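In what follows, a single structure is set out as structure tokens and then discussed.
These numbers were taken from a predicted model, which means no experiment stands behind them. Whatever order the structure lists ligands and atoms in, that order sets their numbers, starting from 1.
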Amino acid sequence: MTAIALRQIRKTYGTLQVIHDVDIDIASGEFLVLVGPSGCGKSTLLRMIAGLEEISGGILDIGGKVVNALPPSDRDIAMVFQDYALYPHMSVRENMAFGLKMRGTADETIDRRVSHAADILKIQPFLERRPAQLSGGQRQRVAMGRAIVREPSAFLFDEPLSNLDAALRVEMRLEIAKLHNRMKATTVYVTHDQVEAMTLADRIVVLNAGRIEQIGPPLELYHRPASLFVARFIGSPTMNTLPATIAADGSGSALRLKERTLSLAGMGGQPMPASEVVFGIRPEDLVACPPEEAWFSGELAVAERLGSQTYGYVEIGEARMLTVEFPRNTPIRVGETIHVRPNMEAIHLFDTATGLRIN
Ligand SMILES: Nc1ncnc2c1ncn2[C@@H]1O[C@H](COP(=O)(O)OP(=O)(O)O)[C@@H](O)[C@H]1O
Ligand SMILES: [Mg+2]
């Protein structure tokens, strides 16, 4: 197994800097997910690890060796691409064997590894077919098989599931999770899909415009997002956010929302300086309550019934809308007035100017 370390890694195209001094320590056997919106630099970072993209600055260490100058073939890393990059004129078997053949691996070894990978991925019946004769999911398995037969010290995945339909995406996500539990190979997995990130990762790295916003286990990012960016990116439906101010309140401070002022005195800590903040609360942390206890009241505009829960979209005035999660099939009706209050332990505050979390 192999640890990977990125130290102050940087990428520039001419005068355009797309990766800014990124530091990540990936433990041996870890499943690390890089997540962020399109264009934030995920593929660039992954391709620098693979050796497909030159590193403009910093140090890349794989297994205790600086590999900045090593070509991809010498890094002992296998990459699975979004578009699979299979050879159309070769059979599945040949596609999987090709890389090993080029390295001069013995035929018996190739046969054994291809057969083993095909077993794991359940593609034995398709070994003699060409990629065009396979479904998207099967092609995805072949692309993974081609990586597995190399027995690399680390796997890199660049949005491997984006070309699949929703049902297949879930199925392949489970396959990848099972595969990792079995092989325990160091893995760096790129996606823009926060559900994939949450479900697969040991740790998630959230990237924003080439910079790291936060690194941590999925639930840490969910429950204690370090910034508004992370708060809005992780979690679906997304966290509710409302403008608020912190103001002096006697000897302590108070959080002032349009509809409510909350003394922060009882919540421990020092009085906070007066400032503009963003108040955040997740849909499941808004609880229906009697009108007199409500922080927010408004008309239910839309109800989404998913069976296991219901999402209510509540208009609270000034074009502001709150998403509220109701248990299972709570009988709410569009047009009725909804009253909710936040679960006090689950309130998030962010500095409006910097976007950073306030504790
Ligand atoms: N060859 C290139 N020349 C100039 N800019 C590039 C090149 N490749 C990527 N970029 C820019 O780098 C940024 C990051 O791209 P990329 O890593 O592909 O993002 P992601 O994979 O997160 O969608 C984007 O702004 C993109 O336009
Ligand atoms: Mg990309």
Side-chain angles (χ1 to χ4, degrees), residues 4-24 26 31-60 62 67-69 71-72 75 77-86 136 139-140 143-144 146-147 154-166 168-169 172-173 176 186-201 203-216 218 221 225-236 238 355:
I4 301 175
L6 285 69
R7 303 252 176 272
Q8 299 283 295
I9 290 288
R10 192 182 296 179
K11 179 70 187 177
T12 50
Y13 290 108
T15 57
L16 177 69
Q17 183 162 5
V18 298
I19 298 291
H20 301 263
D21 304 326
V22 161
D23 282 301
I24 311 175
I26 307 164
F31 199 116
L32 187 91
V33 175
L34 296 177
V35 75
S38 181
C40 71
K42 306 179 295 294
S43 296
T44 304
L45 209 46
L46 201 68
R47 292 169 59 82
M48 285 195 285
I49 298 173
L52 301 170
E53 201 74 68
E54 201 184 315
I55 297 171
S56 311
I59 289 172
L60 174 64
I62 299 180
V67 299
N68 287 48
R75 293 195 187 187
I77 274 180
M79 182 147 165
V80 178
F81 298 89
Q82 176 177 354
D83 61 6
Y84 318 142
L86 301 175
R139 271 178 233 168
Q140 177 56 54
M144 289 189 350
R146 200 172 47 177
F155 287 95
L156 307 180
F157 291 90
D158 193 354
E159 311 221 13
L161 307 185
S162 335
N163 289 348
L164 305 178
D165 65 48
L168 208 49
R169 238 179 1 245
M172 288 307 295
R173 196 173 81 206
I176 290 175
T186 311
T187 302
V188 186
Y189 185 103
V190 161
T191 179
H192 63 267
D193 181 325
Q194 59 94 22
V195 177
E196 258 173 51
M198 291 294 284
T199 51
L200 286 171
R203 283 187 310 156
I204 296 176
V205 178
V206 180
L207 277 183
N208 177 14
R211 290 191 169 81
I212 294 180
E213 285 276 333
Q214 189 170 5
I215 305 184
L221 269 59
S227 67
L228 199 49
F229 184 89
V230 175
R232 286 185 175 142
F233 197 81
I234 301 284
S236 172
T238 193

For the backbone of [Y] and the side chain of [X], can you confirm whether one donor and one acceptor N or O come within less than 3.5 Å of each other?
| X | Y | result |
| --- | --- | --- |
| Ser56 | Thr12 | yes |
| Asp158 | Phe81 | no |
| Arg232 | Thr238 | no |

Write out the residue and atom name of the closest protein heavy atom to [atom], then the distance separating them to 0.1 Å.
| atom | value |
| --- | --- |
| atom 9 (C) of ligand 1 | Tyr13 CE1, 3.7 Å |
| atom 18 (O) of ligand 1 | Ser43 CB, 3.8 Å |
| atom 17 (O) of ligand 1 | Thr44 OG1, 2.5 Å |
| atom 23 (O) of ligand 1 | Gly39 N, 2.7 Å |

>> Strictly less than 4.0 Å: does any protein heavy-atom distance to atom 7 (C) of ligand 1 fall in that range?
In response: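 Within 4.0 Å: yes, protein heavy atom nearby.
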
> Any protein heavy atom lying closer than 4.0 Å to atom 25 (O) of ligand 1?
Replying inline: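 For atom 25 (O) of ligand 1 the answer is yes, since some protein heavy atom falls inside 4.0 Å.
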
> Testing Ile204, Ile26, Ile176 for side chain to side chain contact (heavy atoms under 4.5 Å, CB included) with Phe31, which one passes?
Replying inline: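 The side chain to side chain contact (heavy atoms under 4.5 Å, CB included) with Phe31 is passed solely by Ile176 among Ile204, Ile26, Ile176.
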
> Which of these, Asp193, Thr191, Val205, Val230, sits in a side chain to side chain contact (heavy atoms under 4.5 Å, CB included) with Val35?
Replying inline: Thr191

> For the residue pair Arg75 and Asn68, what are the closest heavy atoms and their distance?
Replying inline: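 Between these two residues, the closest heavy atoms are NH2-O, 3.3 Å.
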
> Is there a nitrogen or oxygen of Gly41 sitting under 3.5 Å from a nitrogen or oxygen of ligand 1?
Replying inline: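 Right, the criterion is met.
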
> Is it true that atom CD of Glu54 has more than 12 heavy atoms of other residues, nucleotides or ligands lying nearer than 6.0 Å?
Replying inline: no

> Is the distance from the Mg ion (ligand 2) to some N, O or S atom of Ser43 under 2.8 Å?
Replying inline: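 Yes, Ser43 qualifies, because one of its backbone or side-chain N, O or S atoms lies under 2.8 Å.
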
> To which of Glu159, Glu53, Gln82, Lys42 does the heavy atom nearest atom 22 (O) of ligand 1 belong?
Replying inline: Lys42

>> Return the CG to CD1 distance between Leu60 and Ile55, rounded to the nearest 0.5 Å.
In response: 4.5 Å

>> In this structure, does ligand 1 have an atom that sits under 4.0 Å from one of the heavy atoms of Ser38?
In response: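 The answer is yes, since Ser38 has a heavy atom less than 4.0 Å from ligand 1.
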
>> Heavy-atom distances under 4.0 Å decide this one: backbone, side chain, both or neither, for Val18 against ligand 1?
In response: side chain

